[in-house]
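All remarks here apply to the structure that follows.
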There are 2 protein chains.
Amino acid sequence: MDTTSAKSIARSSSGISSSHHRAAEVWVPGWDAVFGPPRLSEAERQALALLLRSRRVMVGEAVFRRGQSATHLVAVVDGAVGLGVAGEGPAFHLERNIHGPAWLDISSAWLGGGHGQDARVLLAATVLELPVDGLRQLLGRFPDLRERMMQAMARAVQNLTGTTHDLMAKDAQKRLASWLLTQRSPSSGADVALKERKREVAAQLAITPETLSRLLRQLMSAGLIEVKGYTIRLLNLGALQTMAHD
Amino acid sequence: MDTTSAKSIARSSSGISSSHHRAAEVWVPGWDAVFGPPRLSEAERQALALLLRSRRVMVGEAVFRRGQSATHLVAVVDGAVGLGVAGEGPAFHLERNIHGPAWLDISSAWLGGGHGQDARVLLAATVLELPVDGLRQLLGRFPDLRERMMQAMARAVQNLTGTTHDLMAKDAQKRLASWLLTQRSPSSGADVALKERKREVAAQLAITPETLSRLLRQLMSAGLIEVKGYTIRLLNLGALQTMAHD
DNA sequence: CGAACCCTTGATACGCTTCAACAAGAGTGG
DNA sequence: CCACTCTTGTTGAAGCGTATCAAGGGTTCG
């Protein structure tokens, strides 16, 4: 069976393009992407830059731990971080996989409690931390920024609601189908290039790697997809959508 | 088998205590509870009262429908509303059950899209709707209110994160055990009085009513609980906690 | 080369659902 | 008042979906 290019995944973390804002490194490129378009105003970016701290975290390290007091909002600019619950030693029950740029934990800091999960780096990542105390001040001065934060949290709620719906109402096959459809980038057409190992894909779908393998085989036999290592070509989008749709 | 007092559930929706603020009915009692303690300031309450609209919705009616444009944040003051996906006719796949006072949909309006789910009234409910446009203005004037909203959304995120964790990592028995423990009100000691039908409890736990029945019987046989109609007495909190804990 | 991973495949086990039947109120109308 | 129906919960039998366990092959790395 074809399992070539298994390690091609790791390559994407090799080079960090040197910022073209050489003078002041305070603003991290990609931070904009966390908030999404439209771009933040210059004043907002400057104010944020004074607050936030950027950090480079290597594979296997923890960004934060479960129960650890959450004083900062945390985002991933670059790389990938897994959210889950750590077991004994290196064991780690992965639940969600955050690829930068995206928020990693936008909620815990507001409640003054601890982080609800462990966060472990899967692909060397650039992590931003924004102290909630300072952010509070900014939200008073910048209505636009306030709106962005509300929207970011709202999106988090909607995503999680969708996830729970999928877990409650869909079987593994349907979850896989809809996951494949969401992974399809508008640029690459019908090709999905996996950015993580299959066992991590499986974890996010709440199935075992064995089941994922079997399901992919089933979809292949049915002529809906074509699997070549870490590239999956979607051959019949209509059928996949029908399958995914509840 | 004992299935007495089956309809005692419906009784709690009979009387709405007339407000003791007879002069101005603008402020709805229970609205405070949606935000939780500490109480809102008088200025905040007055400003909110100008914006929000209270509505009484009867059993079976829809509070909002999936896809319907979301211009308001929605909360339940009183009664119970089910969140899920409506099927053909009266069919309704229940996913989450909101008992007032609590937020029903705090996220959709911020994104300007539609509601993600259908909301159907299970127990005659008082529903509050707060236009997001007006709320935006208030958030500029009232830092405390802003903080409350952030915390409310953060709590929503944490709850949903907990739910997905449970669905991914726990089996039905564990989910039931932890649900029973959360339902235990501090006042009533070890007694849990079900506020909904067992089939709705089952839906929230993502199991069938048959399975719930069997699981309750198992826990009863094991001497952990005692089931009398719609009252469940928790006989061994320690064992239940051990069972619920991952 | 062997060791450590990752994925795949097969056999088996188990949890939960589905389907069907039944018992126990609650409401309805004669 | 009783017969009737509707609803809810319970119980049993059978079946499906997914996990678990075990084995084997491919690739990378020391």
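Atom set for the values below is all heavy atoms of this structure, side chains included, hydrogens, waters and symmetry mates excluded. Letters A, B, ... mirror the listed sequences (proteins, then strands); counts begin at 1. What you see is a predicted model; the values in this text were computed from it and never measured.
- Residues satisfying the ring pair (Phe, Tyr, Trp, His ring centres under 6.0 Å) criterion with Phe35(A), sequence neighbours excluded, are Trp31(A), Trp103(A).
- Applying the salt bridge (Lys or Arg N to Asp or Glu O under 4.0 Å) test to residues at least two apart or on different chains, the pairs with a partner in residues 160-183 of chain A are Asp166(A)-Lys170(A).
- For His99(A), the side chain to side chain donor-acceptor pair (under 3.5 Å) criterion is met by Glu196(A), not counting sequence neighbours.
- The backbone N or O of Pro209(A) sits nowhere less than 3.5 Å from a side-chain atom of Ser213(A) that would complete a donor-acceptor pair.
- The separation between Met220(A) atom CE and dT9(C) atom C1' is 14 Å, rounded to whole Å.
- Sorted by residue number, the members of residues 169-176 of chain A with any non-hydrogen atom under 4.0 Å from DNA chain D read Asp171(A), Ala172(A).
- Here Glu200(A) pairs with Arg197(A) under the side chain to side chain donor-acceptor pair (under 3.5 Å) rule; sequence neighbours left out.
- Between Glu200(B) atom CD and dG9(D) atom C1' there is a gap of 13 Å when expressed in whole angstrom units.
- Under the ring pair (Phe, Tyr, Trp, His ring centres under 6.0 Å) criterion, His72(B) pairs with no residue, sequence neighbours left out.
- Look at CD on Glu196(A): it is 15 Å from C1' on dC6(C), rounded to the nearest Å.
- With rounding to whole Å, Leu122(A) atom CG is found 16 Å from dC5(C) atom C1'.
- Lys198(A) places its NZ atom 15 Å from the C1' atom of dC5(C), with the value rounded to the nearest Å.
- In this entry the distance linking CZ of Arg199(A) with C1' of dT20(D) reads 14 Å, nearest Å.
- For the contact set between residues 202-216 of chain B and DNA chain C, defined by any heavy atom under 4.0 Å, the members are Ala206(B), Ile207(B), Thr208(B), Glu210(B), Thr211(B), Arg214(B).
- The side chain to side chain donor-acceptor pair (under 3.5 Å) search around Arg66(B) returns none, not counting sequence neighbours.
- Two end axes, each from the C1' atoms of five base pairs, can be drawn for the helix from dC1(C)-dG30(D) to dG30(C)-dC1(D); they diverge by 20°, to 10 degrees.
- In this structure, CD of Gln218(A) is placed 15 Å from C1' of dG10(C), rounded to the nearest angstrom.
- Residues passing the side chain to side chain donor-acceptor pair (under 3.5 Å) test with His165(A) are Asp246(A), Glu95(B), sequence neighbours excluded.
- In this model, the phosphate group of dT9(C) is approached by a side-chain N or O of Arg217(A) to a distance below 4.0 Å at OP1 or OP2.
- For the salt bridge (Lys or Arg N to Asp or Glu O under 4.0 Å) condition, the pairs that include at least one residue of residues 178-192 of chain B, sequence neighbours left out, are Asp191(B)-Arg233(B).
- Taking 4.0 angstrom as the limit, Tyr230(A) places none of its side-chain polar atoms (N or O) nearer than this to OP1 or OP2 of dC6(C).
- By the side-chain contact (heavy atoms from CB on, under 4.5 Å) test, Ala203(A) is found to be paired with Leu94(A), residues two or more places apart in sequence or in another chain being considered.
- Following rounding to the nearest Å, His93(A) (NE2) and dA19(D) (P) show an atom-to-atom distance of 10 Å.
- No side-chain heavy atom of Lys195(A) sits under 4.5 Å from any side-chain heavy atom of Leu123(A).
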